[in-house]
Amino acid sequence: MRGITKRFGAMTANDHIDFQVEQGEIHCLLGENGAGKSTLMNVLFGLLCPEEGCVEIDGQPISALTPRLAYQLGIGMVHQHFMLVNHLTCLENIILGNEPGKVVIDRKQARARVQALSDQYHFNIDLDAPVSDLSVGMKQRVEILKTLYRGANIIILDEPTAVLTPIEAEQLLSILRDMRTQGKTIIFITHKLKETLDVADRITILRGGKSVALLSAASATPEQLARLMVGHDVVFEIEKPARAQGDVVLRVEDVRLLQNAQSTVSFEVHAGEIFGIAGVEGNGQQQLEEIIMGLTRTKGGRIFYQKTNLLELSLRARRKLRFAYIPSDRLKQALLSHVSLQENFLLGNQYDPQYVRRGLIQKKALRENTLRMMREFDVRAVSAQQSAGSLSGGNQQKFVLAREVSKQPQFVLACQPVRGLDIGAIKYVHNVLIRLRSEGAAILLISAELSDIFQLSDTIGVLYKGELMDVRKAGAFDNESISLLMAGRKEAQADETNR
Amino acid sequence: MDNLQYIFSFNIVLTTLRFAIPLTLAAVGATICERSGIINLGVEGMMLVGAFGGVLGTHLTGSPWLGVLFSIFCGGLIALLHAVLSIRYKTNQTVSGVGINILSVGLTVVLTRVVWGTDGISGSVTQLSTMSIPLLRNIPVLGALFEDQSPFLYLTLIIVFAAWFFMYRTKAGLRLRAIGDHPRAAATVGINVRVYRYVAVVVCGMLCGMAGAYLSIVQNNLFVNNMVAGRGFIALAANIFGGWNPLGSFLASLLFAFAQALRINLSLPIPDQFVQMVPYALTLLVLIGVGRKVKAPEASGELID
């Protein structure tokens, strides 16, 4: 790709980008959110038409690229949001649009071809299972198989690990290595440094719509990559001042997270402590989040907040206790994406007489406070009337933080607080949590990102199949011991969770 | 005793089948349409236009078979309007469907007056004759299925099977199902979503047109105002109960037709209104029981650019 330029209105998403991939390599396209990675790949796949520049494949310039032509040229793409039809089986999804047979589908031939490919790359897919029954990792394999079935030699993966658990991500990387050995070319879009260094042969870094570097992975360091991505030095270590633990703020006693869990969960979170819950997603994290906030009811067990048992309180009463809640799904639980920022700010504050008096919204106070909070938390938006959905993920999360933290909480429930954020925003969120800790708040952090857990937590608990495997001081765990616990100690069980 | 006798006679099978014909045709049409992701509440109106078209075609040509062809054409035409509104102009599909129903009522009344100069009822035309199949008609009991039946009975059965085969065995059928669930996924593998949707909506209209013709020139020999009388909505319910599947639509239509057959032929010592409610009450009960388990096309009403 030479000199690719693509503008959206006044914004230049790609500014004269040169991008070159060699056959049989894994090429990482690294950059922060909004750096132009996806735009560039959508141009290559023919979904977007660039204003300037051209695409060449094997030295041949290609004009008027469409997805159909891209497939014919051997380019396949796995989108960030899966393009799979839930009601159809894996086989049907894979052959869709390219079915063997004239009018009637030749199922025998279809199955033989797909099965051969699946075996060749060790995908282990049950072709007759409906896609809706599959785990995310499996769905992704179906997507990859779909591109292979169409004869793709160059496969573009857009942020493939964003939705995967660590184990699934590791398996994906090994599949990609396998594919490279068999001669396929892979373009891997990501903003994660570790996996980039793990899997890439070469790395192209985009920043602000420009290509800023082309490196060989062998000689690159994480610090160097981060600096190129962000444009300035990034300090990885977080300064976490030592702090004496205060009184118990939240005490969870005998709460059953999953129906079939063998035991219940009990732990305590103290003032000035960050308690990290590590674990592969789907092991009860969601249930813990919902039980504490009162979104799901549970039988048995108690959760004490200072002296009151939360489980006896309504949601509204719980919110009065100065909780800050950062839900795991920003757009489903924290924000209304079509609604303005100031109205979003009202959520959870709707009983505050400052904002609502005699059933009427006090627009002026609301707007002023929203704007003040947005300034304080560096939320970049044009106005308070802008819809929440029009912000970038990082700014949305800062906005949620601003709203929740403005209540000066004693207790913070932060669920997957950095999911889908770029380095800058992650750092920001971390700093806010550390600040709250310094101010004496008790923080329960639930995160699937181990780096989060390690960098922030004072105490770490590992969740597996609805049970707390172990609770220790942060220093007492290392990467390996925690990984084993997350997999339920034994390797064999690790495979099981993953299926 | 008469009632019991009726229930256990073969007659009820024949009556049920006859009532099921228009429901089935329209329900299969709705299945095809909604599988493409376009919601179609206009089934009732499309049937009404078909019923009128059948009578008009027969009136003009003198041949009821040409009348049937004309009803198919009219149904397809009014469905094309729904397609253009909801695909080209992205109108809310529910509103467009309801609009089609209202338009059809008005349109047929006005045209009846223009053609026949009468209010609410057309002049009578030649009815589509029944047929008997030699040899098969001589089988004991079952022979009745092949004696003096409307050709529509056999056409309907063929259409049900053909629609099922199309949907689950052919390439185009697989693509249609994919479009209703995830149009973007279909588009990214190079399927022309718009074309499929236009064709699906129009085919639905054609089947509804046929269903209407059955009411006007097979069961009757004239057009009466609003003669579809809610059958379009029952067909929609049959489509849902049948799980957006042609065979399911047929079976559900049979069930609703059975309720209708009971309603007409039973004399029970309760107010008639309750008996008349049976098909509708049954529809509700069935949807409460089954409705939650049935998988609707996931992208119903969703458009992509």
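Letters A, B, ... are given to chains in the order of the sequence lines, protein chains preceding strands, and every chain is numbered from 1. Not measured: the values here are computed from a predicted model.
For chain A, no part of B:F166 is nearby; none of its heavy atoms comes within less than 4.5 Å. In this structure, chain B has heavy atoms under 4.5 Å from both the backbone and the side chain of A:L96. Contacts between A:K146 and chain B at a heavy-atom distance below 4.5 Å involve the side chain alone, from C-beta outward. When heavy atoms are compared at a cutoff of 4.5 Å, A:N93 does not approach chain B at all. Neither the backbone nor the side chain of A:H81 comes within contact range of chain B; no heavy atom of the residue lies under 4.5 Å from a heavy atom of that chain.
Here A:E92 pairs with A:R107 in a salt bridge; the nearest charged N to carboxylate O distance falls below 4.0 Å.
The residue among B:I191, B:T188, B:V189, B:I179 with the most heavy atom pairs within less than 4.5 Å of chain A is B:V189. Note on A:I105, A:N86, A:V104, A:L88: by heavy-atom pairs under 4.5 Å with chain B, the leading option is A:I105. Between chain B and the residues A:G97, A:P100, A:G101, the largest count of heavy-atom pairs under 4.5 Å involves A:G97.
No hydrogens or angles considered: nothing links the side chains of A:E56 and A:Q60 as a donor-acceptor pair under 3.5 Å. In the model, B:S96 has no side-chain atom that pairs as donor or acceptor with a side-chain atom of B:S86 under 3.5 Å.
Minimum interatomic distance between A:I189 and A:M41 (heavy atoms only, all atoms of both residues): CD1-CG, 3.1 Å. Counting all heavy atoms, side chain and backbone alike, B:Y154 lies closest to B:L145 at OH-O, 2.8 Å.
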Does the ring-ring contact (aromatic ring centres under 6.0 Å, His included) test come out yes or no for A:F82 and B:H182, once each step is laid out? CA-CA 10 Å; A:F82 294 146; B:H182 197 333; over 10 Å; no
